[in-house]
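What follows is one structure encoded as structure tokens, with my remarks underneath.
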Amino acid sequence: MFPADTDVWVEGNTIRATITLPDINGPENEIDEMTCRGPWVHTKASADRILNSPDIDLDSNPAGWLVHQPDSPSTWPGGDNPFTTRFEVYDGMSGEATIPAVADGDYVAGVLCGRLPAGQGGIMYDSYRLFPLTVGSPATTPDANGSLEGVGFGSS
């Protein structure tokens with residue numbers, strides 16, 4: 001079960017995301033703390049490599065979505081940067097990410113949720129949600145079976 005209210009969408013050439021995690025860690029709840037993080041954005045080709053990998057099973061280990069270099073910026077912004085490209089929320093929190101100037105193409109954004117056990121030092125991801133996205137009007141290219149004949153390289 002995915003615990004967060006999450007949405008990821010495209011506006012022009014900007015990817016936006018919101019994540020809201022209800023406060024589910026009351027005194028009757030035995031888990032230490034819930035957390036969600038994202039969006040981690042891959043091109044469709046990169047996402048297909050993850051989804052079709054014989055070594056990655058997202059259902060049993062959602063952290064597999066974090067492999068490979070993402071196409072969204074790979075660092076958390078700081079200082080006066082107006083763009084939050086990825087973020088993390090905890091029980092009762094919400095946040096919004098803005099990833100500007102994304103090249104035209106097909107992408108898949110992923111948001112992961114899990115537990116942050118006290119004293120264990122790491123997130124144990126147990127659920128994920130993927131969002132297929134199209135930015136702009138990506139050019140469709142035929143199968144890559146052409147030839148480089150007639151293509152000149154360098155200056156003339």
Side-chain angles (χ1 to χ4, degrees), residues 1-25 29-78 81 83-146:
M1 179 179 132
F2 194 75
D5 180 18
T6 305
D7 195 16
V8 181
W9 70 97
V10 175
E11 290 179 1
N13 70 337
T14 298
I15 295 175
R16 297 188 183 278
T18 59
I19 301 173
T20 301
L21 186 59
D23 191 1
I24 57 177
N25 195 20
N29 197 338
E30 293 297 319
I31 61 175
D32 296 303
E33 188 166 25
M34 287 296 296
T35 184
C36 295
R37 136 183 317 190
W40 197 273
V41 181
H42 287 280
T43 63
K44 183 179 181 315
S46 177
D48 285 345
R49 283 193 303 273
I50 294 169
L51 294 169
N52 296 318
S53 171
D55 301 319
I56 299 173
D57 178 4
L58 291 182
D59 291 331
S60 62
N61 183 15
W65 186 252
L66 304 177
V67 301
H68 304 306
Q69 181 69 27
D71 297 291
S72 60
S74 59
T75 58
W76 296 79
N81 188 335
F83 302 109
T84 302
T85 58
R86 291 196 314 264
F87 60 100
E88 190 167 336
V89 296
Y90 297 90
D91 290 328
M93 292 176 62
S94 63
E96 182 172 340
T98 303
I99 305 171
V102 178
D104 287 1
D106 292 319
Y107 298 87
V108 179
V111 176
L112 283 69
C113 292
R115 295 179 294 118
L116 187 61
Q120 302 264 336
I123 299 170
M124 297 171 58
Y125 293 109
D126 56 21
S127 60
Y128 69 98
R129 182 168 286 164
L130 301 180
F131 297 83
L133 305 167
T134 298
V135 175
S137 301
T140 55
T141 56
D143 292 335
N145 57 5

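The figures here come from the full heavy-atom set of this structure, side chains too, leaving out hydrogens, waters and symmetry mates.
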Note, Glu96 side chain near Thr18 side chain (heavy atom, < 4.5 Å)
yes
Judged by atom type as modelled, is there a donor-acceptor pair below 3.5 Å linking the side chain of Ser94 to the main-chain atoms of Ile19?
no
Are Arg115 and Glu33 packed together at the side-chain level, in the sense that at least one heavy-atom pair is separated by less than 4.5 angstrom?
no
I'd like to check Leu66 versus Tyr125 (side-chain heavy atoms, cut-off strictly below 4.5 Å). Are they in contact?
yes
Can you list the steps and then say if Asp126 with Met124 is a side chain to side chain contact (heavy atoms under 4.5 Å, CB included)?
CA-CA 6 Å; Asp126 56 21; Met124 297 171 58; over 6 Å; no
Out of Ser53, Ser60, Pro54, which residue meets the side chain to side chain contact (heavy atoms under 4.5 Å, CB included) rule with Asp57?
Ser60
Quick one, Leu130 with Leu51, criterion side chain to side chain contact (heavy atoms under 4.5 Å, CB included). Give me CA distance, side-chain angles, the key distance, then yes/no.
CA-CA 11 Å; Leu130 301 180; Leu51 294 169; 3.9 Å; yes
Under the side chain to side chain contact (heavy atoms under 4.5 Å, CB included) rule, what do Leu133 and Trp9 come out as? Steps first, then yes or no, please.
CA-CA 7 Å; Leu133 305 167; Trp9 70 97; 5.5 Å; no
Quick one: are Val10 and Thr134 in side-chain contact, heavy atoms under 4.5 Å?
no
Residues in salt bridge (Lys or Arg N to Asp or Glu O under 4.0 Å) contact with Asp48, at least two apart in sequence or another chain:
Lys44
So which heavy atom on Pro39 is nearest to which on Ile99, and how close?
CG-CD1, 4.2 Å
Should Ile56 and Trp65 count as side-chain neighbours, where that means a heavy-atom distance under 4.5 Å?
no
